[in-house]
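Reading through the structure tokens given below for one structure.
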Amino acid sequence: MSKHNALTTFGQSGNPMFRGAAFKPDATFAQADSAGRMTLAGTVNKTGILLILCLITAAYTWNIFFQTGDPGAVMGYMWVGLIGGLVLALITIFKRQWAGITAPLYALAEGLALGGISAIFEAQYPGIVIQAMGLTFGTLGVLLIAYKTGLIKPTENFRLMIVAATGGIALLYLVSFVMGFFGTSIGFIHSNGLFGIGFSLFVVGIAALSLVLDFDFIEDAAEQGAPKYLEWYGAFSLMVTLIWLYLEILRLLAKLRSRN
């Protein structure tokens, strides 16, 4: 697939936020001249804003944990963030024109959730959160450089591989979640054995490579003159992948720590 026609055949990104008609040309593209057009710089700036907002609320819940030493003290914030983030994500997906409002609110909600989740992991494995954050942002930087220099090229086969793998992982997690209601689960997902660690490594790899597809689709949208509000939507979509990557790295590190 060439960069020229990528947007007209959307659905090939590993990030579900980019599927469907998220960046597909529509009537708003024709009106983009009057409202402004999407740019890479604008998307990067808005991604930075969302990261800062997420870190602010994450630091708030983290500070509560640090002061009390009890991860249970932030459980309420975590659930508010998880439920609120899910609702705001769905609104953003179906009403992408509202992304300028809903994406910042989503980042704030996810910060509450991530702060609570991180506190739980930190209570069990001291120092794990800073390691996970370092690996997440390090991976983001390395893959961005690899993409811009052409070391990694999102070819058609590459896209299909990431999409298929992402769908398979989502289905596996969903089945495991449903099985949890019946007192069972898919063991290797949570196992700290070699197979469980291998699975987590695979998921981390897919999450990381999904960033490359995110970069490519955002660049395509900017080149095709997408309307300005899609900068917020693109930043929101990148946040979704980064949060997924961070959580999977956290799970992987926890499995490795528990073997020691």
Side-chain angles (χ1 to χ4, degrees), residues 6-61 77-117 140 163 166-167 170 207 210-211 213-247:
L7 293 179
T8 60
T9 54
F10 234 85
Q12 298 293 317
S13 173
N15 188 336
M17 305 306 135
F18 285 122
R19 294 180 184 172
F23 286 100
K24 187 176 181 179
D26 57 17
T28 61
F29 275 58
Q31 301 167 0
D33 282 331
S34 60
R37 292 184 179 274
M38 177 181 182
T39 65
L40 282 176
T43 306
V44 170
N45 292 338
K46 290 173 175 59
T47 302
I49 292 172
L50 296 187
L51 283 172
I52 291 171
L53 292 174
C54 184
L55 288 174
I56 288 172
T57 49
Y60 174 74
T61 51
Y77 294 102
M78 183 188 76
W79 283 109
V80 168
L82 286 172
I83 296 172
L86 176 61
V87 171
L88 288 164
L90 292 174
I91 293 174
T92 306
I93 292 168
F94 291 105
K95 289 290 185 179
R96 60 188 191 273
Q97 294 90 339
W98 298 358
I101 297 173
T102 57
L105 292 176
Y106 167 82
L108 290 170
E110 284 301 305
L112 293 175
L114 291 178
I117 293 170
L140 172 66
V163 170
T166 303
S210 292
L211 288 171
L213 297 189
D214 294 349
F215 300 151
D216 188 55
F217 277 76
I218 289 172
E219 188 173 41
D220 284 339
E223 288 180 357
Q224 294 213 10
K228 192 73 173 177
Y229 68 82
L230 285 180
E231 290 179 352
W232 282 111
Y233 191 88
F236 157 75
S237 303
L238 265 180
M239 280 290 296
V240 171
T241 304
L242 279 174
I243 289 170
W244 177 32
L245 177 62
Y246 169 74
L247 291 175

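Two residues are said to be in side-chain contact when any heavy atoms from C-beta on lie closer than 4.5 Å; T43 and M38 meet this criterion. Residues L238 and L50 form no side-chain contact, since every pair of their non-hydrogen atoms from C-beta on lies 4.5 Å or further apart. The side-chain heavy atoms of L114 and T61, taken from C-beta on, include no pair separated by under 4.5 Å.
In plain terms, the two heavy atoms of S237 and D214 that are nearest each other are O-OD2, 4.2 Å. Minimum interatomic distance between A113 and G81 (heavy atoms only, all atoms of both residues): CB-C, 3.8 Å. Minimum heavy-atom separation, G85 to A109: N-CB, 3.7 Å.
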- request: Please test I243 against L247 for side-chain contact (heavy atoms from CB on, under 4.5 Å), starting from the C-alpha separation and ending with a verdict.
  value: CA-CA 6 Å; I243 289 170; L247 291 175; 4.1 Å; yes

field: Worked check of side-chain contact (heavy atoms from CB on, under 4.5 Å) between Y246 and L140
entry: CA-CA 10 Å; Y246 169 74; L140 172 66; over 6 Å; no

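Counting only residues at least two apart or on different chains, no salt bridge (Lys or Arg N to Asp or Glu O under 4.0 Å) pair has a member in residues 100-112. Here ring-ring contact (aromatic ring centres under 6.0 Å, His included) pairs that include residues 79-107, with residues two or more places apart or in two chains, are Y106-F236. Residue pairs meeting the salt bridge (Lys or Arg N to Asp or Glu O under 4.0 Å) criterion with at least one partner in residues 42-56, sequence neighbours excluded, are K46-E231.
Judged as a side chain to side chain contact (heavy atoms under 4.5 Å, CB included), and not counting sequence neighbours, the contacts of I49 are L53, W232. By the ring pair (Phe, Tyr, Trp, His ring centres under 6.0 Å) test, Y77 is found to be paired with Y60, residues two or more places apart in sequence or in another chain being considered. Not counting sequence neighbours, the partners of T92 by the side-chain hydrogen bond (donor to acceptor under 3.5 Å, both in side chains) test are T102. Here A207 pairs with W244, L245 under the side chain to side chain contact (heavy atoms under 4.5 Å, CB included) rule; sequence neighbours left out.
Between the CG atom in N45 and the CG atom in L40 there is a gap of 11.0 Å [rounded to 0.5 Å]. Interatomic distance, I52 CD1 to T57 OG1, rounded to the nearest 0.5 Å: 12.0 Å. To the nearest 0.5 Å, the span separating OG1 on T47 from CE on M239 amounts to 8.5 Å. Of the inter-residue distances, the one linking L86 atom CG with I91 atom CD1 reads 10.0 Å to the nearest 0.5 angstrom. Distance check, rounded to the nearest 0.5 Å: CD1 of I93 to CG of L88 gives 11.0 Å. Here CD of Q224 is found 10.5 Å from CZ of R37. Values are rounded to the nearest 0.5 Å.
Exactly one residue among T241, V240, V163 makes a side-chain contact (heavy atoms from CB on, under 4.5 Å) with S210. That residue is T241.
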